[in-house]
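In what follows, chains are A, B, ... by sequence order, proteins preceding strands, each numbered from 1.
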Protein chains: 2
Amino acid sequence: MIPRETFNNLESEKKQKILETAIDEFAFHGFRQASLNRMVQRIGIAKGSIFQYFGNKEGLFQFIFNHAVELVRGSLRQVKKETAGSDFFERIRGSILAGVRFIEKHPRVYRIYLKMIFQEDFPLRAQFLQQVHLFSAEYLRPMVEQGVARKELRPDLDVDMAVFFLDALMDRFLQASCVSFLDAGVGLYQAPPHEIDRRVDEFIKLIRFGMAAEPGR
Amino acid sequence: MIPRETFNNLESEKKQKILETAIDEFAFHGFRQASLNRMVQRIGIAKGSIFQYFGNKEGLFQFIFNHAVELVRGSLRQVKKETAGSDFFERIRGSILAGVRFIEKHPRVYRIYLKMIFQEDFPLRAQFLQQVHLFSAEYLRPMVEQGVARKELRPDLDVDMAVFFLDALMDRFLQASCVSFLDAGVGLYQAPPHEIDRRVDEFIKLIRFGMAAEPGR
DNA sequence: TCCTATAATGACCACCTGGTCATTTTCAAG
DNA sequence: CTTGAAAATGACCAGGTGGTCATTATAGGA
């Protein structure tokens with residue numbers, strides 16, 4: 001259905017250019033504010049072609065969206081495999097660093113993600129939020145459950161809340177590396193890799209032991 | 001300068017209606033996508049009047065923005081006073097609950113905040129991010145420092161990172177009460193007050209003691 | 001070389017936007 | 001009741017949007 005066969009028959013260089021220009025446009029302007037006129041001018045094709053390939057603006061975005069979901073899925077599958085043998089906190093560490101790497105590689109895809117969270121006028125938003133939820137449900141939750149089973153995590157842990165807790169922290173850590181002032185002065189914004197690495201360790205320490213002076217019961 | 005004297009001379013009922021309609025419009029559509037035509041129709045005034053009162057669309061938003069900043073400042077000042085005597089974690093608890101109350105009272109103002117974080121086309125965005133930063137720098141930081149001084153918090157705490165940590169968690173807690181699926185299934189989304197209360201306690205426990213089975217050194 | 005199905009094109013359309021400004025309305029002072 | 005300054009009005013403008021479709025270009029088979 002989307003994209004139409006006509007698009008798949010294109011030479012892959014042209015396909016790539018369309019894909020990347022569209023990602024860029026949506027990443028910087030959101031959905032409604034993204035301009036097809038601007039896009040076709042940058043790509044160097046006629047406006048009609050976009051409608052031939054994708055039906056309409058929403059179809060184009062759907063294509064971009066599916067592509068992005070695949071990218072994320074792939075990255076997630078890989079880090080899951082890479083950290084399979086490690087203990088709980090090492091896996092969290094690996095996941096955060098994988099996130100940072102992903103953003104370095106696909107900054108514009110991540111920007112679309114950020115925009116979609118709080119901008120209601122995106123198509124597929126319900127599906128998107130569902131996907132976001134799946135991350136915590138299918139990725140984080142089993143990790144936490146395993147951590148408890150292996151006695152790496154406190155036995156009285158509220159698993160639901162712990163998943164939410166982790167989700168919040170990991171997400172914000174990544175956001176802070178992209179949006180200035182969201183790092184609250186920790187120096188995460190556009191920080192070089194080795195700086196991120198150091199910060200992650202300190203961050204994990206807090207997740208691990210909390211802030212209180214006396215250990216809890 | 002903004003708004004012009006003409007606006008201040010209006011009967012306060014009309015002023016209120018303009019203010020609230022504008023907040024609503026910006027909260028649901030962001031800046032560029034917000035429509036002055038729609039607004040004036042809802043308010044029941046001529047389009048020209050908006051330009052008479054505020055100069056242009058940006059001026060109108062500036063007025064809304066200043067109003068919102070004052071609301072937040074007031075709320076922050078109050079909770080600071082209310083929790084002044086309590087220990088660190090009680091103050092955090094109070095701050096989160098104050099946030100929840102604020103959002104209940106001014107849901108649309110909070111929506112504008114959420115939109116401004118990742119939508120670049122808002123006017124005053126630099127100033128906004130600066131304000132957000134001030135929250136962590138002037139509100140959270142002294143609290144953490146006091147906590148360490150009083151030995152409520154571990155002495156080896158990385159204060160910068162702890163502030164970032166808290167900021168991330170508190171912000172997400174509030175976001176989750178507004179955006180479905182961001183609560184990762186903890187039941188925060190549009191939850192009744194008593195439910196929120198219970199969740200906050202569990203949440204604070206995690207901030208306090210962390211997730212690890214064994215207490216850290 | 002011709003024919004034909006398919007793909008590419010861009011002028012054009014209706015619609016909506018923020019903003020302008022000549023005109024009309026309002027209303028208090030004289 | 002008259003006057004005049006200030007305020008309100010909404011038709012109008014240029015510019016941008018997503019989308020359409022008659023026309024043109026392309027290319028592979030006969």
Side-chain angles (χ1 to χ4, degrees), chain A residues 1-19 21-26 28-65 115 119-124, chain B residues 1-19 21-26 28-65 115 119-124:
Chain A
M1 201 71 171
I2 284 170
R4 300 228 225 288
E5 205 46 49
T6 328
F7 178 76
N8 288 321
N9 295 339
L10 255 41
E11 44 197 308
S12 71
E13 203 172 308
K14 200 172 188 178
K15 280 194 280 188
Q16 201 59 31
K17 184 152 192 184
I18 292 173
L19 180 72
T21 309
I23 289 178
D24 198 68
E25 185 72 16
F26 286 124
F28 277 88
H29 302 284
F31 181 72
R32 301 266 309 249
Q33 212 60 42
S35 160
L36 293 179
N37 291 328
R38 212 158 33 204
M39 279 187 45
V40 295
Q41 194 157 16
R42 285 170 60 186
I43 301 172
I45 59 173
K47 176 145 58 148
S49 297
I50 290 290
F51 291 87
Q52 194 125 73
Y53 303 150
F54 305 100
N56 54 26
K57 194 184 187 180
E58 202 164 317
L60 170 61
F61 182 76
Q62 206 162 125
F63 175 64
I64 299 300
F65 182 79
K115 286 216 151 79
Q119 213 166 323
E120 290 86 356
D121 65 6
F122 273 98
L124 305 174
Chain B
M1 200 73 171
I2 283 171
R4 300 231 225 288
E5 205 46 49
T6 328
F7 178 76
N8 288 322
N9 295 338
L10 256 39
E11 44 198 306
S12 73
E13 202 172 309
K14 200 172 189 178
K15 280 194 279 188
Q16 201 59 30
K17 186 153 190 182
I18 292 173
L19 180 73
T21 308
I23 289 178
D24 199 69
E25 185 71 17
F26 287 125
F28 277 88
H29 302 284
F31 181 73
R32 301 268 307 250
Q33 212 59 42
S35 161
L36 294 179
N37 291 327
R38 213 160 30 207
M39 280 187 45
V40 295
Q41 192 156 18
R42 284 171 59 187
I43 301 172
I45 59 173
K47 177 144 59 150
S49 298
I50 290 289
F51 291 87
Q52 194 124 76
Y53 303 151
F54 305 99
N56 55 25
K57 195 182 185 181
E58 203 164 316
L60 170 60
F61 182 75
Q62 206 162 126
F63 175 63
I64 299 299
F65 181 79
K115 286 217 151 79
Q119 213 166 322
E120 291 85 356
D121 65 5
F122 273 96
L124 306 174

- Message: Regarding A/Leu60, tell me which of base, sugar-phosphate or nothing describes its non-hydrogen contacts under 4.0 Å with the strands shown.
- Response: nothing
- Query: Just checking A/Leu10: base, sugar-phosphate only, or nothing, at a heavy-atom cut-off of under 4.0 Å?
  - Reply: sugar-phosphate
- Query: In terms of the angle between their ring planes, are B/Phe122 and B/Phe61 parallel, tilted or perpendicular, with boundaries placed at 30° and 60°?
  - Reply: tilted
- Message: Return a single string for nucleotides 15-23 of chain D, one symbol per nucleotide in 5' to 3' order, where B is base contact, S is sugar-phosphate-only contact and - is none, cutoff 4.0 angstrom on heavy atoms.
- Response: --SBBB---
- Message: Any side-chain N or O of B/Tyr53 below 4.0 angstrom from OP1/OP2 of D/dA8?
- Response: yes
- Query: Does a side-chain N or O from B/Ser49 land closer than 4.0 Å to OP1 or OP2 of D/dA8, or not?
  - Reply: no
- Parallel, tilted or perpendicular: ring planes of A/Phe63 versus A/Phe54, cut at 30 and 60 degrees: tilted
- Task: Find the distance A/Asn8:CG to C/dA7:P and express it as a whole number of Å.
- Result: 12 Å
- Could you state the atom-to-atom distance from NZ of A/Lys14 to P of C/dA7 in whole Å? 12 Å
- Item | A/Gln52 CD to C/dT9 P, straight-line distance once rounded to whole Å | 10 Å
- Message: What is the distance, to the nearest angstrom, from the CD atom on A/Glu11 to the C1' atom on C/dA8?
- Response: 13 Å
- Item | Between C/dG18 (C1') and B/His29 (NE2): distance, integer Å | 16 Å
- Approximate separation, where rounding is to 0.5 Å, of A/Phe65 CZ and A/Glu58 CD: 12.0 Å
- Query: How many angstroms lie between atom CE of B/Met39 and atom CD of B/Glu25, to the nearest 0.5 angstrom?
  - Reply: 6.5 Å
- Gap between atoms CD1 and P, on B/Ile43 and D/dA8 respectively (whole Å): 13 Å
- Item | Pairwise distance CD1(B/Ile64) to CG(B/Leu60) - rounded to 0.5 angstrom | 5.5 Å
- Message: From CG of A/Asn9 over to C1' of C/dA8, roughly how many Å is that when rounded to an integer?
- Response: 14 Å
Name the atoms and distances for all side-chain donor-acceptor pairs under 3.5 Å in residues 7-14 of chain A, with sequence neighbours left out.
none

Show which side-chain atoms of residues 43-50 of chain A pair as donor or acceptor with protein atoms under 3.5 Å away, not counting sequence neighbours.
unit_1	atom_1	unit_2	atom_2	d
A/Lys47	NZ	A/Asn37	OD1	2.8

